Amino acid sequence: GQNIDQPTEMTATEGAIVQINCTYQTSGFNGLFWYQQHAGEAPTFLSYNVLDGLEEKGRFSSFLSRSKGYSYLLLKELQMKDSASYLCAVRDLGGGSYIPTFGRGTSLIVHP
Amino acid sequence: GAGVSQSPRYKVAKRGQDVALRCDPISGHVSLFWYQQALGQGPEFLTYFQNEAQLDKSGLPSDRFFAERPEGSVSTLKIQRTQQEDSAVYLCASSLEGMDSVEKLFFGSGTQLSVL
(Lines give C-alpha, C1' and ligand atoms only; values in the text may rest on other atoms or scores of the structure.)
Protein backbone atom coordinates (compact mmCIF):
# COMPACT_ATOMS: atom_id res chain seq x y z
CA GLY A 1 0.00 0.00 0.00
CA GLN A 2 0.88 3.65 0.18
CA ASN A 3 1.54 3.66 3.97
CA ILE A 4 -0.71 6.64 4.61
CA ASP A 5 -0.55 7.87 8.17
CA GLN A 6 -2.96 10.26 9.87
CA PRO A 7 -3.73 10.91 13.54
CA THR A 8 -6.71 8.90 14.70
CA GLU A 9 -8.46 11.67 16.58
CA MET A 10 -8.14 15.38 17.25
CA THR A 11 -10.15 17.83 19.32
CA ALA A 12 -10.41 21.59 18.91
CA THR A 13 -12.46 24.53 20.11
CA GLU A 14 -15.10 26.34 18.09
CA GLY A 15 -13.57 29.37 16.38
CA ALA A 16 -10.03 28.02 16.55
CA ILE A 17 -7.67 26.71 13.83
CA VAL A 18 -6.74 23.06 13.47
CA GLN A 19 -4.16 21.34 11.27
CA ILE A 20 -4.61 17.70 10.29
CA ASN A 21 -1.44 16.05 9.01
CA CYS A 22 -1.02 13.23 6.54
CA THR A 23 2.22 11.49 5.67
CA TYR A 24 2.63 8.93 2.94
CA GLN A 25 5.17 6.79 1.13
CA THR A 26 4.91 6.28 -2.62
CA SER A 27 7.18 5.36 -5.52
CA GLY A 28 5.20 7.28 -8.14
CA PHE A 29 3.19 10.06 -6.48
CA ASN A 30 0.37 11.37 -8.65
CA GLY A 31 -1.94 13.39 -6.46
CA LEU A 32 -3.32 13.72 -2.95
CA PHE A 33 -6.96 14.19 -2.00
CA TRP A 34 -8.74 15.32 1.15
CA TYR A 35 -12.31 14.28 1.85
CA GLN A 36 -14.70 15.09 4.70
CA GLN A 37 -17.05 12.41 5.99
CA HIS A 38 -19.79 13.00 8.54
CA ALA A 39 -20.94 9.93 10.44
CA GLY A 40 -23.23 7.78 8.32
CA GLU A 41 -22.80 9.95 5.25
CA ALA A 42 -20.86 9.91 2.00
CA PRO A 43 -17.34 11.32 1.85
CA THR A 44 -17.36 14.74 0.17
CA PHE A 45 -14.46 16.21 -1.78
CA LEU A 46 -12.45 18.99 -0.18
CA SER A 47 -9.23 19.36 -2.16
CA TYR A 48 -6.81 17.84 -4.65
CA ASN A 49 -3.08 18.65 -4.67
CA VAL A 50 -0.60 17.44 -7.24
CA LEU A 51 2.00 20.24 -7.03
CA ASP A 52 3.83 21.55 -3.98
CA GLY A 53 2.35 24.45 -2.09
CA LEU A 54 -0.73 25.72 -0.39
CA GLU A 55 -4.19 25.83 -1.93
CA GLU A 56 -6.86 27.84 -0.16
CA LYS A 57 -10.61 27.42 -0.44
CA GLY A 58 -12.48 29.59 2.01
CA ARG A 59 -11.98 28.30 5.55
CA PHE A 60 -10.14 25.20 4.31
CA SER A 61 -6.58 25.06 2.95
CA SER A 62 -4.48 22.11 1.85
CA PHE A 63 -0.70 21.96 1.69
CA LEU A 64 1.56 19.49 -0.09
CA SER A 65 5.29 18.77 0.04
CA ARG A 66 6.13 15.95 -2.36
CA SER A 67 9.78 15.73 -1.28
CA LYS A 68 8.72 15.17 2.33
CA GLY A 69 5.74 12.94 1.56
CA TYR A 70 3.63 15.28 3.64
CA SER A 71 0.34 17.11 3.43
CA TYR A 72 -1.87 18.94 5.84
CA LEU A 73 -5.43 20.20 5.87
CA LEU A 74 -5.92 23.48 7.69
CA LEU A 75 -9.36 24.39 8.99
CA LYS A 76 -9.90 27.96 10.18
CA GLU A 77 -12.72 29.52 12.21
CA LEU A 78 -13.89 26.11 13.28
CA GLN A 79 -17.62 25.49 13.49
CA MET A 80 -19.47 22.71 15.26
CA LYS A 81 -20.50 21.30 11.89
CA ASP A 82 -16.83 20.67 11.09
CA SER A 83 -16.92 17.72 13.49
CA ALA A 84 -16.34 14.85 11.08
CA SER A 85 -13.76 12.38 9.82
CA TYR A 86 -11.14 13.79 7.44
CA LEU A 87 -9.73 11.31 4.94
CA CYS A 88 -6.41 11.67 3.16
CA ALA A 89 -6.07 9.68 -0.09
CA VAL A 90 -3.07 9.26 -2.37
CA ARG A 91 -2.66 8.11 -5.94
CA ASP A 92 0.58 6.19 -6.50
CA LEU A 93 1.51 5.18 -10.02
CA GLY A 94 4.51 3.24 -8.74
CA GLY A 95 2.36 0.21 -8.19
CA GLY A 96 0.97 0.44 -11.69
CA SER A 97 -2.43 1.60 -10.51
CA TYR A 98 -4.20 4.93 -10.67
CA ILE A 99 -6.59 4.03 -7.87
CA PRO A 100 -6.77 6.53 -4.98
CA THR A 101 -5.87 4.80 -1.70
CA PHE A 102 -7.31 6.16 1.52
CA GLY A 103 -5.84 6.50 4.99
CA ARG A 104 -7.91 5.48 8.01
CA GLY A 105 -9.12 9.04 8.57
CA THR A 106 -8.83 11.57 11.38
CA SER A 107 -11.87 12.04 13.57
CA LEU A 108 -12.15 15.75 14.46
CA ILE A 109 -14.26 16.75 17.42
CA VAL A 110 -15.11 20.43 17.71
CA HIS A 111 -16.41 21.53 21.11
CA PRO A 112 -17.90 24.84 22.25
CA GLY B 1 -29.39 12.32 -11.38
CA ALA B 2 -28.15 14.92 -8.96
CA GLY B 3 -25.66 12.63 -7.28
CA VAL B 4 -24.51 9.06 -6.86
CA SER B 5 -27.36 6.89 -5.63
CA GLN B 6 -26.93 3.58 -3.84
CA SER B 7 -29.54 1.05 -2.82
CA PRO B 8 -30.51 -0.41 -0.51
CA ARG B 9 -29.35 1.98 2.20
CA TYR B 10 -29.30 -0.85 4.73
CA LYS B 11 -29.18 -4.59 4.19
CA VAL B 12 -29.35 -7.33 6.78
CA ALA B 13 -28.44 -10.79 5.57
CA LYS B 14 -28.17 -14.16 7.21
CA ARG B 15 -24.81 -15.80 6.89
CA GLY B 16 -24.70 -17.76 3.66
CA GLN B 17 -27.18 -15.58 1.78
CA ASP B 18 -26.36 -13.82 -1.47
CA VAL B 19 -26.75 -10.04 -1.67
CA ALA B 20 -26.74 -7.51 -4.51
CA LEU B 21 -25.87 -3.87 -3.99
CA ARG B 22 -26.74 -1.28 -6.61
CA CYS B 23 -25.00 1.92 -7.62
CA ASP B 24 -26.38 4.61 -9.95
CA PRO B 25 -23.48 6.95 -10.79
CA ILE B 26 -23.83 10.49 -11.99
CA SER B 27 -24.98 10.46 -15.61
CA GLY B 28 -22.08 10.58 -18.05
CA HIS B 29 -19.42 9.67 -15.52
CA VAL B 30 -16.79 7.43 -17.03
CA SER B 31 -15.17 6.02 -13.90
CA LEU B 32 -16.88 3.99 -11.21
CA PHE B 33 -15.23 2.71 -8.04
CA TRP B 34 -16.40 0.38 -5.29
CA TYR B 35 -14.89 0.72 -1.83
CA GLN B 36 -15.51 -1.17 1.42
CA GLN B 37 -15.42 0.80 4.68
CA ALA B 38 -15.26 -0.89 8.06
CA LEU B 39 -16.27 1.05 11.18
CA GLY B 40 -13.65 3.61 12.11
CA GLN B 41 -11.53 2.91 9.05
CA GLY B 42 -10.95 4.58 5.72
CA PRO B 43 -12.47 3.21 2.50
CA GLU B 44 -10.65 0.18 1.08
CA PHE B 45 -10.60 -0.23 -2.69
CA LEU B 46 -12.50 -3.16 -4.17
CA THR B 47 -12.84 -2.67 -7.92
CA TYR B 48 -12.82 -0.11 -10.72
CA PHE B 49 -14.77 0.30 -13.98
CA GLN B 50 -14.05 2.59 -16.88
CA ASN B 51 -17.34 2.66 -18.75
CA GLU B 52 -18.34 -1.03 -18.97
CA ALA B 53 -14.82 -2.40 -18.67
CA GLN B 54 -13.67 -3.70 -15.30
CA LEU B 55 -10.05 -2.56 -15.39
CA ASP B 56 -9.05 -3.38 -11.84
CA LYS B 57 -10.52 -5.93 -9.45
CA SER B 58 -7.43 -6.40 -7.32
CA GLY B 59 -9.22 -5.31 -4.15
CA LEU B 60 -11.99 -7.90 -4.21
CA PRO B 61 -11.32 -9.98 -1.07
CA SER B 62 -12.43 -13.34 -2.45
CA ASP B 63 -14.13 -15.03 -5.38
CA ARG B 64 -17.41 -14.57 -3.50
CA PHE B 65 -17.34 -10.93 -4.60
CA PHE B 66 -18.39 -10.06 -8.12
CA ALA B 67 -19.12 -6.70 -9.77
CA GLU B 68 -20.52 -5.67 -13.12
CA ARG B 69 -21.42 -2.55 -15.08
CA PRO B 70 -22.81 -4.02 -18.30
CA GLU B 71 -23.94 -0.82 -20.04
CA GLY B 72 -21.40 1.54 -18.59
CA SER B 73 -23.80 3.22 -16.19
CA VAL B 74 -25.47 1.32 -13.31
CA SER B 75 -23.22 -1.07 -11.42
CA THR B 76 -24.02 -4.01 -9.16
CA LEU B 77 -21.77 -5.50 -6.51
CA LYS B 78 -22.76 -9.05 -5.65
CA ILE B 79 -21.57 -10.97 -2.63
CA GLN B 80 -22.26 -14.69 -2.57
CA ARG B 81 -22.52 -16.81 0.57
CA THR B 82 -22.08 -13.82 2.85
CA GLN B 83 -19.88 -14.13 5.93
CA GLN B 84 -19.83 -12.04 9.10
CA GLU B 85 -16.55 -10.43 8.05
CA ASP B 86 -18.37 -8.97 5.03
CA SER B 87 -20.28 -6.63 7.37
CA ALA B 88 -19.26 -3.11 6.39
CA VAL B 89 -20.41 -0.05 4.47
CA TYR B 90 -20.02 -0.45 0.73
CA LEU B 91 -19.36 2.86 -1.00
CA CYS B 92 -19.68 3.60 -4.69
CA ALA B 93 -17.96 6.60 -6.25
CA SER B 94 -17.95 7.99 -9.77
CA SER B 95 -15.85 10.47 -11.67
CA LEU B 96 -16.22 12.28 -14.96
CA GLU B 97 -12.62 11.51 -15.93
CA GLY B 98 -10.93 8.27 -16.83
CA MET B 99 -8.78 6.55 -14.25
CA ASP B 100 -5.51 8.24 -15.19
CA SER B 101 -6.87 11.77 -14.69
CA VAL B 102 -9.36 11.45 -11.85
CA GLU B 103 -9.28 14.60 -9.75
CA LYS B 104 -12.56 14.37 -7.88
CA LEU B 105 -14.62 11.41 -6.74
CA PHE B 106 -18.32 11.76 -6.03
CA PHE B 107 -19.45 9.24 -3.43
CA GLY B 108 -22.83 7.75 -2.73
CA SER B 109 -24.11 7.41 0.83
CA GLY B 110 -23.28 3.73 0.82
CA THR B 111 -25.01 0.48 1.65
CA GLN B 112 -24.55 -0.68 5.21
CA LEU B 113 -24.41 -4.47 5.15
CA SER B 114 -24.88 -6.44 8.34
CA VAL B 115 -24.39 -10.20 8.18
CA LEU B 116 -25.87 -12.09 11.11
Side-chain angles (χ1 to χ4, degrees), chain A residues 1-10 20 22-24 28-51 55 57 60 62 64 73 84-109, chain B residues 1-7 9-10 23-26 29-50 53-60 67 88-112 114:
Chain A
Q2 281 68 39
N3 296 319
I4 301 169
D5 192 35
Q6 308 177 231
T8 302
E9 186 174 293
M10 299 182 70
I20 302 174
C22 173
T23 58
Y24 61 88
F29 177 82
N30 190 250
L32 185 143
F33 306 78
W34 283 97
Y35 283 82
Q36 179 192 59
Q37 186 177 27
H38 286 98
E41 297 183 11
T44 54
F45 174 85
L46 293 177
S47 67
Y48 172 68
N49 295 68
V50 65
L51 299 176
E55 293 201 8
K57 285 184 184 179
F60 292 10
S62 58
L64 175 67
L73 182 69
S85 179
Y86 290 85
L87 301 164
C88 173
V90 173
R91 187 161 59 204
D92 178 9
L93 301 186
S97 172
Y98 295 84
I99 306 298
T101 299
F102 285 82
R104 63 179 298 159
T106 298
S107 178
L108 174 65
I109 300 169
Chain B
V4 179
S5 177
Q6 292 188 246
S7 60
R9 185 72 177 89
Y10 302 94
C23 172
D24 276 278
I26 295 173
H29 276 200
V30 168
S31 293
L32 187 146
F33 302 78
W34 282 99
Y35 285 86
Q36 179 192 62
Q37 187 173 28
L39 190 63
Q41 303 293 318
E44 293 275 347
F45 170 73
L46 294 176
T47 188
Y48 167 76
F49 290 86
Q50 183 161 300
Q54 188 175 22
L55 298 187
D56 191 332
K57 54 182 181 180
S58 62
L60 296 177
V89 175
Y90 290 84
L91 293 168
C92 175
S94 71
S95 174
L96 183 62
E97 305 92 359
M99 181 169 63
D100 59 348
S101 52
V102 167
E103 294 191 4
K104 186 173 183 178
L105 296 179
F106 294 83
F107 281 87
S109 296
T111 293
Q112 185 171 327
S114 298

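Here the structure is a predicted model, which means the values were calculated and not measured. A note on names: the letters A, B, ... follow the listed sequences, proteins ahead of strands, and every chain is numbered from 1.
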Trainee: Look at A:G40, A:A42, A:S85, A:G31 and state which one has the largest set of heavy-atom pairs under 4.5 Å with chain B.
Mentor: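 Greatest number of close heavy-atom pairs with chain B: A:A42.
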
Trainee: Using the benzene-type ring in the case of Trp, are the ring centres of A:Y35 and B:F107 under 6.0 Å apart?
Mentor: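 Ring centres of B:F107 and A:Y35 closer than 6.0 Å.
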
Trainee: Is the number of heavy atoms from other residues, nucleotides or ligands under 6.0 Å of B:E44 CD greater than 12?
Mentor: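 Count not over threshold, so no.
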
Trainee: Of the backbone (N, CA, C, O) and the side chain (C-beta and beyond), which part of B:Q37 lies under 4.5 Å from a heavy atom of chain A, both, or neither?
Mentor: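 The answer is the side chain of B:Q37.
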
Trainee: Does B:C92 offer a backbone N or O that forms a donor-acceptor pair with the side chain of B:Q6 under 3.5 Å?
Mentor: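 Side chain of B:Q6 to backbone of B:C92, a donor-acceptor pair under 3.5 Å: yes, one is there.
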
Trainee: Distance-only, no hydrogens or angles: does the A:T44 side chain make a donor-acceptor pair with backbone N or O of A:Q36 under 3.5 Å?
Mentor: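 Indeed, once roles are kept as given, a pair shorter than 3.5 Å links the two residues.
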
Trainee: Would A:Y98 and B:Y48 count as a ring pair (Phe, Tyr, Trp, His ring centres under 6.0 Å) here? Give the steps.
Mentor: CA-CA 10 Å; A:Y98 295 84; B:Y48 167 76; 9.0 Å; no

Trainee: Under a 4.5 Å heavy-atom cut-off, does chain A meet the side chain of B:L105, its backbone, both or neither?
Mentor: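 Contact with chain A: backbone and side chain both.
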
Trainee: Using a 4.5 angstrom heavy-atom cutoff, name the option from A:P100, A:S107, A:G103 with the most pairs to chain B.
Mentor: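 If we count pairs closer than 4.5 Å to chain B, A:P100 comes out on top.
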
Trainee: Check whether B:F106 gets within reach of chain A through its side chain, its backbone, both or neither, counting any heavy atom under 4.5 Å.
Mentor: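 For B:F106, there is no contact with chain A at all, as no heavy atom is under 4.5 Å.
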
Trainee: Count the heavy-atom pairs under 4.5 Å between each of A:Q6, A:E41, A:Q37 and chain B, then report the option with the highest count.
Mentor: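 Maximum pair count with chain B is reached by A:Q37.
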
